Engineer: 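Below is the structure I would like to discuss, written out as structure tokens.
First the proteins, then the strands, lettered A, B, ... as listed; each starts at 1. Quick caveat: nothing in here was measured; it's all calculated off a predicted structure.
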There are 2 protein chains.
Amino acid sequence: MDKKNKPLSKNQKIVLDFIQKNKKPVKAYSILSNVKRKGINAPPQVYRALDKLIEIGKIHRVESQNSFVACKVSDCDTPHKTIFSICNSCEIVSEIKDPKLFKQLKDFSDNDGIKFDGYNLEFFGTCKACKNKQPESTQH
Amino acid sequence: MDKKNKPLSKNQKIVLDFIQKNKKPVKAYSILSNVKRKGINAPPQVYRALDKLIEIGKIHRVESQNSFVACKVSDCDTPHKTIFSICNSCEIVSEIKDPKLFKQLKDFSDNDGIKFDGYNLEFFGTCKACKNKQPESTQH
DNA sequence: TCAAATTATGTTATATTATAACACTACACT
DNA sequence: AGTGTAGTGTTATAATATAACATAATTTGA
């Protein structure tokens with residue numbers, strides 16, 4: 001797949017840069033307002049860049065948040081094969097790299113024997129940092 | 001958990017009925033337009049019912065589609081523990097019941113030893129029916 | 001049993017997320 | 001040089017979701 005090695009366009013670079021700078025996933029309109037001074041003026045410009053960056057696997061969409069996060073997995077050569085953990089409290093998202101789980105999802109087939117092209121798995125819980133912050137009695 | 005046995009309210013019933021009648025997941029505004037004649041007039045009424053139905057596990061949200069589907073798994077007593085397969089072509093969604101995968105996801109913990117409260121897994125592919133319809137050369 | 005708390009309803013307005021449509025530009029390729 | 005593909009810029013609008021407020025129904029427990 002050599003789409004990955006194609007140089008990014010101007011807008012794609014701007015959007016990717018901004019996403020990579022952020023620890024947490026970012027929203028499309030937050031990207032927009034933050035890159036306005038770089039000459040990106042309107043939603044379609046952002047969404048086009050996002051679509052392409054997702055396609056080439058540089059970023060992922062966090063479905064449950066409508067947000068976007070840079071890919072942290074170096075050999076993640078395909079989009080749509082993603083495993084995230086999401087903290088309900090601080091909303092930090094981490095990409096999980098677990099070879100065993102990865103393999104299992106890749107090889108999974110349903111009752112009809114159908115194998116799948118991709119998957120998205122999102123785990124929800126409370127991250128370590130947030131667990132330490134709040135004594136268990138305070139959890140809502 | 002006895003929330004499940006609580007009788008549903010009027011609007012909750014109307015919304016659940018409509019979702020259960022549909023084989024495919026339905027969108028919030030499609031629900032709205034279809035239940036207007038039953039006295040539901042505005043989006044908040046639909047979204048409130050949806051929220052509650054999700055909370056008690058009667059329906060699930062299909063994150064990648066912004067759509068809602070009735071729960072098909074009888075012992076699915078908790079929300080947010082869902083596995084779906086989604087056909088890229090016809091968009092039919094099936095809830096997957098695979099005890100092995102289920103257990104694995106339930107027991108999964110990350111590098112920090114954190115266990116999760118819930119998860120959502122969506123597989124993407126082409127369902128059997130759609131595979132039969134289109135000879136492989138025609139696939140886009 | 002009745003007052004308080006909780007849950008649900010109805011409504012208007014608005015916020016948030018995403019795409020359609022059209023005109024134009026940059027670049028790759030043979 | 002001409003044609004195709006990808007990218008850009010712009011306006012408008014579609015689609016999804018929630019805020020905020022007023023009121024009614026229901027549970028519940030002192």
Engineer: Answer yes or no: is there a donor N or O on one side and an acceptor on the other, between the side chain of B:Gln65 and the main chain of B:Val62, under 3.5 Å?
Structural biologist: no
Engineer: Is there a donor-acceptor contact under 3.5 Å from the side chain of A:Lys52 to the main chain of A:Ser9?
Structural biologist: no
Engineer: Separation of B:Ile14 atom CD1 from C:dA8 atom C1', in whole Å?
Structural biologist: 13 Å
Engineer: Figure out the CD/P separation between A:Gln12 and D:dT5, and round it to whole Å.
Structural biologist: 18 Å
Engineer: Got a sec, which residues hit ring-ring contact (aromatic ring centres under 6.0 Å, His included) with B:Phe123, two or more places apart in sequence or on another chain?
Structural biologist: A:Phe108, A:Phe116
Engineer: Between B:Lys97 and B:Glu95, is the closest basic N to carboxylate O distance under 4.0 Å?
Structural biologist: no
Engineer: Over the length of the helix from C:dT1-D:dA30 to C:dT30-D:dA1, how much do the five-pair end axes diverge, rounded to 10 degrees?
Structural biologist: 40°
Engineer: Give me the atom names and distance for the closest heavy-atom approach of B:Ala28 to B:Val46.
Structural biologist: O-CG1, 3.8 Å
Engineer: For the pair made of CG in B:Leu53 and P in C:dT7, what is the distance, rounded to whole Å?
Structural biologist: 16 Å
Engineer: Between the protein and nucleotides 27-30 of chain C, list every N/O to N/O distance that falls short of 3.5 Å.
Structural biologist:
none

Engineer: Using whole Å, what does the distance between atom P of nucleotide C:dT19 and atom CG of A:Asp51 come to?
Structural biologist: 7 Å
Engineer: Return the set of residues passing ring-ring contact (aromatic ring centres under 6.0 Å, His included) with B:Phe18 (not counting sequence neighbours), or none when no residue passes.
Structural biologist: none
Engineer: Above 12 or not: heavy atoms from other molecules or residues under 6.0 Å from NZ of B:Lys23?
Structural biologist: no
Engineer: May I have the distance from A:Leu50 (atom CG) to C:dA18 (atom P), rounded to whole angstrom?
Structural biologist: 9 Å
Engineer: I'd like a list of close polar pairs between nucleotides 9-16 of chain D and the protein, N/O only, cut-off under 3.5 Å.
Structural biologist:
| unit_1 | atom_1 | unit_2 | atom_2 | d |
| --- | --- | --- | --- | --- |
| D:dG9 | OP1 | A:Lys10 | NZ | 3.0 |
| D:dG9 | OP2 | A:Asn11 | ND2 | 3.1 |
| D:dG9 | OP2 | A:Gln45 | NE2 | 2.7 |
| D:dG9 | O5' | A:Gln45 | NE2 | 3.3 |
| D:dG9 | N7 | A:Arg48 | NH1 | 2.9 |
| D:dG9 | O6 | A:Arg48 | NH2 | 2.4 |
| D:dT10 | OP2 | A:Asn41 | ND2 | 2.3 |
| D:dT10 | O4 | A:Arg48 | NH2 | 3.3 |
| D:dT16 | OP1 | B:Lys27 | NZ | 2.8 |

Engineer: I would like to know whether B:Asp110 and A:Ser85 meet side chain to side chain donor-acceptor pair (under 3.5 Å); could you show each step before the answer?
Structural biologist: CA-CA 8 Å; B:Asp110 68 9; A:Ser85 70; 4.8 Å; no
Engineer: Counting only heavy atoms not in B:Asn111, do more than 12 fall under 6.0 Å of its CG?
Structural biologist: no
Engineer: Can you tell me how far P of C:dG10 sits from CG of B:Leu32, to the nearest Å?
Structural biologist: 12 Å
Engineer: Is the closest side-chain donor-acceptor distance between A:Glu63 and B:Ser64 under 3.5 Å?
Structural biologist: no
Engineer: Mind checking what makes salt bridge (Lys or Arg N to Asp or Glu O under 4.0 Å) contact with A:Lys21, not counting sequence neighbours?
Structural biologist: none
Engineer: Hey, does the side chain of B:Lys6 come within less than 4.0 Å of C:dA8's phosphate (OP1/OP2), counting only N and O?
Structural biologist: yes
Engineer: Does a side-chain N or O of A:Ser9 approach OP1 or OP2 of D:dA6 to a distance below 4.0 Å, or not?
Structural biologist: no
